[in-house]
Amino acid sequence: MRTRVRGWRWRRNPLRRRTDVVEAWTALAVAVLLSVAAPLAGAVAGLWAHDAAQAVAVTQRAERHRVRAVVVGNRPERLPSVRGDRQHAYRADVRWTEPGRGTRTTLARVPAGMRPGEVVDVWFDARGRAVAPPPNDVAVWQHTVTVGLCAAGGTAAVVLLGHGIARRVALRHRMDEWEREWAGTEPRWTQRSG
């Protein structure tokens, strides 16, 4: 049966070595860093990512405009293999009428499953090129959460890696201390002269 004594590394006792104290302080620092620094790094990175993504979304909303167009053809022979999901897109010819410019036709990305004659929203930039729609608030928040979680996880991984290295170094020093002490004790136990 094994008995654990809590806090033995902190109290003065003859079995405690300097490496034990270093390891105890390292464990305390790791606990503080994991409970404070990792979430803080995630929050700061998330806020930065939110501001950046929000700025990109605002810029793209200002630069791009939406047009209601009709799919007129150029449908690929084989549609993407997606069951009931209209998220994937392919390129097809679309036609719309612009006030003062007349009817226009261009190749644009449309959701999978669109048939000729169906109406679709198409986004264009200032030069008239078909582009992806600007990110909405959900996409901005998804980006924010992803960056925040990655930053918190990365910080935690670095802290745990550092803790593993510190424990390995402490173990090496502990083994060296034991080896030195055994070199002085062994001749008395085995009646050999060193």
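Side chains are part of it too, since the values below use all heavy atoms of this structure and drop only hydrogens, waters and symmetry mates.
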Going by the salt bridge (Lys or Arg N to Asp or Glu O under 4.0 Å) test, which pairs reach into residues 45-54, not counting sequence neighbours? none
List in chain and number order the residues that pass ring pair (Phe, Tyr, Trp, His ring centres under 6.0 Å) with Trp141, two or more places apart in sequence or in another chain; answer none if no residue qualifies. His50
Salt bridge (Lys or Arg N to Asp or Glu O under 4.0 Å) pairs touching residues 138-158, sequence neighbours excluded, are none
Sorted by chain and residue number, the salt bridge (charged side-chain N to carboxylate O under 4.0 Å, His left out) partners of Arg129 (sequence neighbours excluded) come out as Asp125
Tell me which pairs pass ring-ring contact (aromatic ring centres under 6.0 Å, His included) where either residue lies in residues 99-134, with sequence neighbours left out. Trp96-Phe124
Can you name the nearest heavy-atom pair linking Thr144 to Gly46, along with the distance? CG2-O, 3.2 Å
Looking at residues at least two apart in the chain, or sitting in another chain, which of them share a salt bridge (charged side-chain N to carboxylate O under 4.0 Å, His left out) with Glu98? Arg101, Arg104
Check whether Arg64 reaches the backbone of Ala132 with its side chain - one donor and one acceptor, N or O, closer than 3.5 Å. yes
For Thr105, the side-chain hydrogen bond (donor to acceptor under 3.5 Å, both in side chains) test, sequence neighbours excluded, returns Arg95
Sorted by chain and residue number, the salt bridge (charged side-chain N to carboxylate O under 4.0 Å, His left out) partners of Arg66 (sequence neighbours excluded) come out as Asp121
Not counting sequence neighbours, which residues clear side-chain hydrogen bond (donor to acceptor under 3.5 Å, both in side chains) with Glu63? List them please. none
What distance separates His143 NE2 from Thr146 OG1, expressed to the nearest 0.5 Å? 8.0 Å
Once salt bridge (Lys or Arg N to Asp or Glu O under 4.0 Å) is applied, what residue pairs with a partner in residues 140-154 remain, sequence neighbours excluded? none
Could you pull out the closest heavy-atom pair between Ala151 and Ala41, with the gap in Å? CB-O, 3.9 Å
Are Val70 and Val110 co-members of a hydrophobic cluster defined by side-chain heavy atoms under 4.5 Å apart? no
What is the minimum heavy-atom distance between Glu23 and Ala170, and which atoms define it? OE1-CB, 4.4 Å
Taking only residues at least two apart or on different chains, which pairs with a member in residues 136-165 satisfy salt bridge (Lys or Arg N to Asp or Glu O under 4.0 Å)? Arg61-Asp137
Are any of the side-chain heavy atoms of Val72 and Val94 separated by less than 4.5 Å? no
Indicate yes or no: at least one non-hydrogen side-chain atom of Val159 is less than 4.5 angstrom from one of His163. no
When you compare the side chain of Val120 with that of Val122, does any pair of heavy atoms fall below 4.5 Å? yes
Can you find a pair of side-chain heavy atoms, one from Val22 and one from Trp25, that are under 4.5 Å apart? no
To the nearest 0.5 Å, how far apart are CZ in Arg167 and OG1 in Thr26? 9.5 Å
Atom pairs and distances, donor-acceptor, side-chain atoms in residues 27-39, under 3.5 Å, two or more places apart:
from, atom 1, to, atom 2, distance (Å)
Ser35, OG, Ala31, O, 2.9
Ser35, OG, Val32, O, 3.3

Minimum heavy-atom separation for Val147 and Ala45, please, with both atom names. CG1-O, 3.7 Å
